[in-house]
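Numbered from 1 within each chain, the chains take letters A, B, ... in sequence-line order.
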Amino acid sequence: MTAARTWLAKSEPSKYPWTQLVADGRTSWDGVRNFEARNNLRAMAKGDLVLFYHSNEGKEVVGVARVSRTAYQDPTTDEDWSVVDVEPVVALPKPVTLAAIKADSTLAEMAMLKRSRLSVVPVTSEEFAHILHMGACKLSRRVRT
DNA sequence: GCCAACGTTGGC
DNA sequence: GCCAACGTTGGC
């Protein structure tokens with residue numbers, strides 16, 4: 001068993017905001033149509049934590065979600081794309097903006113900055129912890145996998 | 001709303 | 001298999 005990994009996934013708030021995930025309790029992360037993003041989805045393990053980022057509007061990390069089901073066929077297409085299921089874990093008390101991420105030298109190597117158009121990217125455990133810290137978010141025991 | 005970045009498609 | 005055209009994402 002490899003160590004749990006952490007990720008960042010983008011959603012446009014006008015399409016599927018964090019509040020909707022909280023309201024739904026669980027959702028399938030569909031619509032990914034990029035090979036690299038798809039491969040990242042397929043690399044997710046159950047229990048992996050995912051930073052939920054609002055693109056276009058807000059441009060900030062707003063919460064932490066958790067993978068509740070690993071990759072399976074995207075039901076919205078016959079083609080070879082995948083979805084995972086995620087559930088909300090906790091909202092960040094202080095959302096972490098893209099500007100704040102860019103301004104922080106310890107986050108300069110983040111994949112989301114280097115590969116800005118990729119909707120699902122890996123996050124190192126250091127980066128993950130740092131963003132939670134910036135977001136004034138303490139992971140409680142129930143979050144740990 | 002514009003435009004840069006960049007992944008994907010399709011002609012050759 | 002190369003590369004130009006095209007489409008989409010996402011920041012500004």
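- With sequence neighbours excluded, the residues forming a side chain to side chain donor-acceptor pair (under 3.5 Å) with A:Ser82 are A:Arg42, listed by chain and number.
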Heteroatom pairs (N/O) under 3.5 angstrom, protein to nucleotides 8-10 of chain B:
residue, atom, partner, partner atom, Å
B:dT8, OP1, A:Phe35, N, 3.2

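- DNA chain C is contacted by A:Leu98, A:Lys102, A:Ser116, A:Arg117, A:Ser119 of residues 98-119 of chain A, taking any non-hydrogen atom closer than 4.0 Å.
- Looking at residues two or more places apart in sequence or on another chain, you find a side chain to side chain donor-acceptor pair (under 3.5 Å) between A:Asp24 and A:Tyr16, A:Gln20.
- Put simply, CD on A:Glu57 is 13 Å from P on B:dG1, counting in whole angstrom units.
- Cluster partners of A:Val83, using a side-chain heavy-atom cutoff of under 4.5 Å among ILVMFWY residues and allowing indirect links, are A:Tyr72.
- For A:Tyr53, there are no ring pair (Phe, Tyr, Trp, His ring centres under 6.0 Å) partners two or more places apart in sequence or in a different chain.
- The ring pair (Phe, Tyr, Trp, His ring centres under 6.0 Å) check on A:Trp29 picks up A:Phe52, with sequence neighbours excluded.
- For A:Arg33, the salt bridge (Lys or Arg N to Asp or Glu O under 4.0 Å) partners two or more places apart in sequence, or in a different chain, are A:Asp74.
- A:Glu109 contributes no side-chain N or O that, together with a main-chain N or O of A:Leu113, makes up a donor-acceptor pair within less than 3.5 Å.
- In this structure, the salt bridge (Lys or Arg N to Asp or Glu O under 4.0 Å) partners of A:Glu87, at least two apart in sequence or on a different chain, are A:Arg66.
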Less than 3.5 Å apart, which donor and acceptor atoms pair up between the side chains of residues 123-134 of chain A and the rest of the protein, not counting sequence neighbours?
residue, atom, partner, partner atom, Å
A:Thr124, OG1, A:Glu127, N, 3.0
A:Thr124, OG1, A:Glu127, OE1, 3.3
A:Glu127, OE1, A:Thr124, N, 3.0
A:His130, NE2, A:Asp104, OD1, 3.4
A:His130, NE2, A:Asp104, OD2, 2.7
A:His130, NE2, A:Thr106, OG1, 3.2

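- Considering only residues two or more places apart in sequence or on other chains, A:Asp85 meets the salt bridge (Lys or Arg N to Asp or Glu O under 4.0 Å) condition with A:Arg26.
- Scanning residues 9-19 of chain A for heavy-atom distances under 4.0 Å to DNA chain C yields A:Lys10.
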